[in-house]
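Remember, it's a predicted structure, so these values are computed and weren't measured experimentally. Just so we're on the same page: letters track the sequence lines, and every chain starts at 1.
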Amino acid sequence: AGDGGGPVPGDGTDPPAPERALFPPTFSLSEIKNKQRRHFMFLRWKQQQRKEKLALKKKRRKEREALGDKAPPKAIPKTIENQRVYDETTVDPNDEEVAFDEATDEFAPYFNRQTVPKILITTSDRPRGRTVRFCEQLATVIPNSHVYYRRGLALKRIIPQCIARDFTDLIVINEDRKIPNGLVLSHLPDGPTAHFRMSSVRLRKEIKRKGKDPTEHVPEVILNNFTTRLGHSIGRMFAALFPHDPQFIGRQVATFHNQRDYIFFRFHRYIFKSEKKVGIQELGPRFTLKLRSLQKGTFDSKFGEYEWIHKRREMDTSRRKFHL
Amino acid sequence: PLALSPQVLLSKNYEKALEEIDENLIYWPRFIRHKCKQRFTKITQYLIRIRKLTLKRQRKLVPLRRKIERRENRREEKALIAAQLDNAIEKELLERLKQDTYGDIYNFPIHAFDKALQQQDAESESESDAEREEDDDDEDVDKREFVEAEDSELSDFEDMDKLETSSEEEQEEEEEVDDKASHSKSKGKTPLKGPARRKRPYIEIEYEEETEPSTKTKAA
């Protein structure tokens with residue numbers, strides 16, 4: 001109905017450029033009722049657009065070369081990280097107040113090297129296959145950690161026992177239908193408790209091109225992109241899991257990388273091939289965490305004082321606003 | 001006829017309640033009375049169980065919201081792509097190498113040292129020539145050896161450099177104190193990233209295995 005003078009459909013896969021195409025002025029591709037014809041016209045239109053874009057690029061490049069040094073600097077593409085809504089709680093590296101806070105908060109004894117981390121890993125009731133294996137692998141990754149299975153014991157009663165036995169951290173992996181999906185990390189002597197949602201857990205055998213098992217050396221820790229106050233405290237929590245002096249002989253590194261509020265955990269072995277190049281090989285489990293809530297005291301769901309909860313309606317309104 | 005039949009409240013005491021059932025249904029057949037008592041027993045038992053369970057911890061069921069799950073999964077994938085984890089980790093490790101957190105374990109500081117020298121003194125050609133030759137890392141092996149003996153304070157066994165191709169240097173330098181890790185790299189079964197493998201010459205593997213026993217004792 002709409003087009004006139006175009007080539008016959010079914011001419012071959014490559015639609016030729018229109019020579020004498022005469023379209024009524026208010027014509028749009030979507031008005032063609034015939035699907036084949038419509039598709040054909042759309043492909044032709046797309047080709048035209050691509051050609052125009054290419055021509056534009058070439059022209060721009062020529063202009064830039066012609067100007068030489070006087071050319072305006074290249075435009076930086078907008079990314080979500082570039083456009084991120086500025087968070088007031090972003091930590092300035094030289095901030096004294098933050099430094100003072102950190103010197104006196106619950107992790108101070110760890111960072112002053114007074115305590116050695118000792119970690120208890122456990123699960124929710126009746127863990128199944130994947131969760132059990134994941135716990136074991138996590139125990140090999142984090143030095144000085146022990147796995148205990150819970151058979152109906154209440155967390156509130158476990159915690160005083162742990163404190164009595166000198167544990168510094170408690171990790172509870174929550175399980176749903178045989179896969180781990182939640183993580184509660186609690187710093188024991190009365191420290192903050194963080195509740196995460198865990199996703200895309202890969203066990204060691206599922207990682208492609210992986211190396212051998214991690215050795216007993218203390219790994220290094222990399223914490224990336226924890227910018228706000230909240231992010232800072234979570235980062236310190238993660239750092240407090242690992243002993244202070246990494247053994248560089250082991251060449252293992254555990255990475256917590258925060259990107260858009262998702263914390264990616266990876267465990268690698270690295271090797272320096274030259275001064276400018278390093279090769280890394282992934283070994284050990286990997287998972288991603290998303291913070292759901294941060295509580296001031298140890299784990300207490302009823303009477304705890306929440307420092308931060310993820311409230312979906314208030315906090316998920318903007319695509320460019322992140323909290324960690 | 002539930003509204004028509006009389007309702008009798010049984011006593012709280014289990015045995016007395018059973019007797020009351022018997023009294024109230026006195027002329028009913030024995031089977032019906034028995035069934036009635038059975039029903040009563042069942043009810044009391046499950047009420048007891050409910051009371052016990054509410055005292056223990058209860059599992060809280062949180063419903064999944066499909067739209068939100070989908071959104072979060074998609075965002076996670078995008079965040080993963082944006083994160084470029086491998087690059088970030090490599091950058092961080094190289095930063096740490098530059099800032100000397102690894103101390104003297106690695107042999108590379110020569111480059112930085114030489115570049116600093118080059119920048120600082122603009123002196124005799126021989127010196128700058130020697131430095132330029134040192135910079136050409138993989139090419140001139142002998143001169144490199146010469147320089148290393150001068151510069152490195154530690155014994156050669158603790159050097160980690162792997163790019164040398166000459167046999168002498170490999171025998172001198174130990175790859176790794178940690179045997180397991182070196183095994184995993186030398187055997188090549190679990191390969192590192194592709195380009196890494198290509199740069200390594202074959203000979204290296206054999207020599208490493210020979211020298212390991214000697215270096216083991218020295219390192220310990």
Side-chain angles (χ1 to χ4, degrees), chain A residues 79-81 124-125 152-156 176 182 197 199-200 209-213 215-217 220 222-225 246-253 255 257-264 266 268-283 286 288 290 301 312 316 319 322, chain B residues 56-57 59-60 62 64-65 68-69 71-73 75-86 88-94 96-98 101-103 105-112 137-138 160-163 176-178 180-181 183-185 189-193 195-197 199-200 219:
Chain A
T79 63
I80 293 188
E81 281 80 25
S124 54
D125 269 352
L153 303 169
L155 269 185
K156 279 190 231 166
D176 172 47
R197 176 190 121 108
S199 45
S200 57
R209 281 184 253 114
K210 65 164 173 47
K212 296 210 174 155
D213 293 334
T215 56
E216 289 295 320
H217 299 264
E220 292 176 48
I222 292 183
L223 298 164
N224 266 343
N225 264 351
Q247 292 169 319
F248 298 122
I249 312 174
R251 285 188 290 138
Q252 291 172 146
V253 57
T255 309
H257 181 103
N258 172 37
Q259 184 84 12
R260 302 184 193 174
D261 276 358
Y262 288 96
I263 302 173
F264 298 101
R266 299 285 185 271
H268 290 280
R269 176 169 282 146
Y270 63 88
I271 192 162
F272 282 107
K273 284 177 259 156
S274 78
E275 195 184 77
K276 300 265 170 69
K277 270 182 100 186
V278 57
I280 51 177
Q281 189 185 29
E282 180 156 9
L283 33 102
R286 64 155 86 150
T288 63
K290 186 161 199 268
S301 40
R312 187 172 53 89
D316 267 354
R319 264 181 229 250
F322 306 113
Chain B
K56 281 195 184 176
R57 295 166 311 133
R59 197 167 274 211
K60 183 176 175 190
V62 175
L64 279 183
R65 295 212 178 105
I68 296 178
E69 291 292 309
R71 198 207 300 171
E72 293 201 338
N73 288 340
R75 286 201 183 156
E76 189 188 316
E77 285 169 16
K78 292 192 172 173
L80 184 62
I81 296 172
Q84 293 178 350
L85 284 169
D86 292 339
I89 298 179
E90 288 176 7
K91 251 199 243 173
E92 177 69 28
L93 289 171
L94 287 172
R96 290 190 183 180
L97 184 67
K98 272 201 198 143
T101 43
Y102 299 130
I105 307 179
Y106 300 103
N107 198 19
F108 306 126
I110 290 184
H111 277 271
D137 181 27
D138 291 322
M160 280 265 316
D161 213 335
K162 268 164 241 35
L163 292 179
E176 179 60 6
V177 175
D178 185 14
K180 283 188 213 165
H183 269 298
S184 75
K185 284 191 178 33
K189 271 187 218 158
T190 57
L192 278 189
K193 309 268 166 129
R197 276 276 118 209
K199 286 203 176 152
R200 294 225 189 130

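- To the nearest 0.5 Å, atom CD of residue A:Gln259 and atom CG of residue B:Leu85 are 8.0 Å apart.
- Residue contact with chain B, scored on non-hydrogen atoms closer than 4.5 Å, is absent for A:Asp261.
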Inset, instruction - Go through A:Arg266 and B:Asp86 one step at a time and tell me if the side chain to side chain contact (heavy atoms under 4.5 Å, CB included) criterion holds. - result: CA-CA 10 Å; A:Arg266 299 285 185 271; B:Asp86 292 339; over 6 Å; no
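- When all heavy atoms of B:Glu76 and A:Ser200 are compared, the pair lying nearest together is OE2-OG, 2.8 Å.
- Using a 4.5 Å cut-off between heavy atoms, A:Glu81 touches chain B through its side chain atoms alone.
- Looking at A:Lys290 and B:Glu72, their side chains come closer than 4.5 Å, going by heavy atoms from C-beta outward.
- Enclosure of atom CZ in A:Arg319 is not indicated, since only 12 or fewer non-hydrogen atoms of other residues, nucleotides or ligands lie within 6.0 angstrom.
- For the atom pair B:Lys98 NZ and A:Lys276 NZ, the distance stands at 7.0 Å (nearest 0.5 Å).
- Between B:Ala83 and A:Phe264, the shortest heavy-atom distance links the atoms CB-CE1, 4.3 Å.
- Ranked by heavy-atom pairs under 4.5 Å with chain B, the first of A:Asn225, A:Asn258, A:Thr255 is A:Thr255.
- To the nearest 0.5 Å, atoms CD (B:Glu92) and CD (A:Glu220) are separated by 9.0 Å.
- Between B:Glu69 atom CD and A:Arg197 atom CZ the span is 4.5 Å, to the nearest 0.5 Å.
- The contact between B:Leu80 and chain A is made by backbone and side chain atoms together, counting heavy-atom distances below 4.5 Å.
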Legend entry - Pair A:Ile222-B:Arg96, side chain to side chain contact (heavy atoms under 4.5 Å, CB included): steps then yes or no: CA-CA 10 Å; A:Ile222 292 183; B:Arg96 290 190 183 180; 3.7 Å; yes
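- To the nearest 0.5 Å, the span separating CG on A:Asn224 from NZ on B:Lys91 amounts to 9.5 Å.
- In this structure, the side chains of A:Phe272 and B:Leu93 come closer than 4.5 Å at one or more pairs of heavy atoms.
- B:Lys78 touches chain A through backbone and side chain together, each having a heavy atom under 4.5 Å away.
- Chain B forms more heavy-atom pairs under 4.5 Å with one residue of A:Asp316, A:Asp125, A:Ile80 than with any other, namely A:Asp125.
- When side chains are defined from C-beta on, A:Val278 does not count as touching B:Leu97, because their heavy atoms never get closer than 4.5 Å.
- Here B:Arg65 contributes atom CZ and A:Arg312 contributes atom CZ; the two are 5.0 Å apart, rounded to the nearest 0.5 Å.
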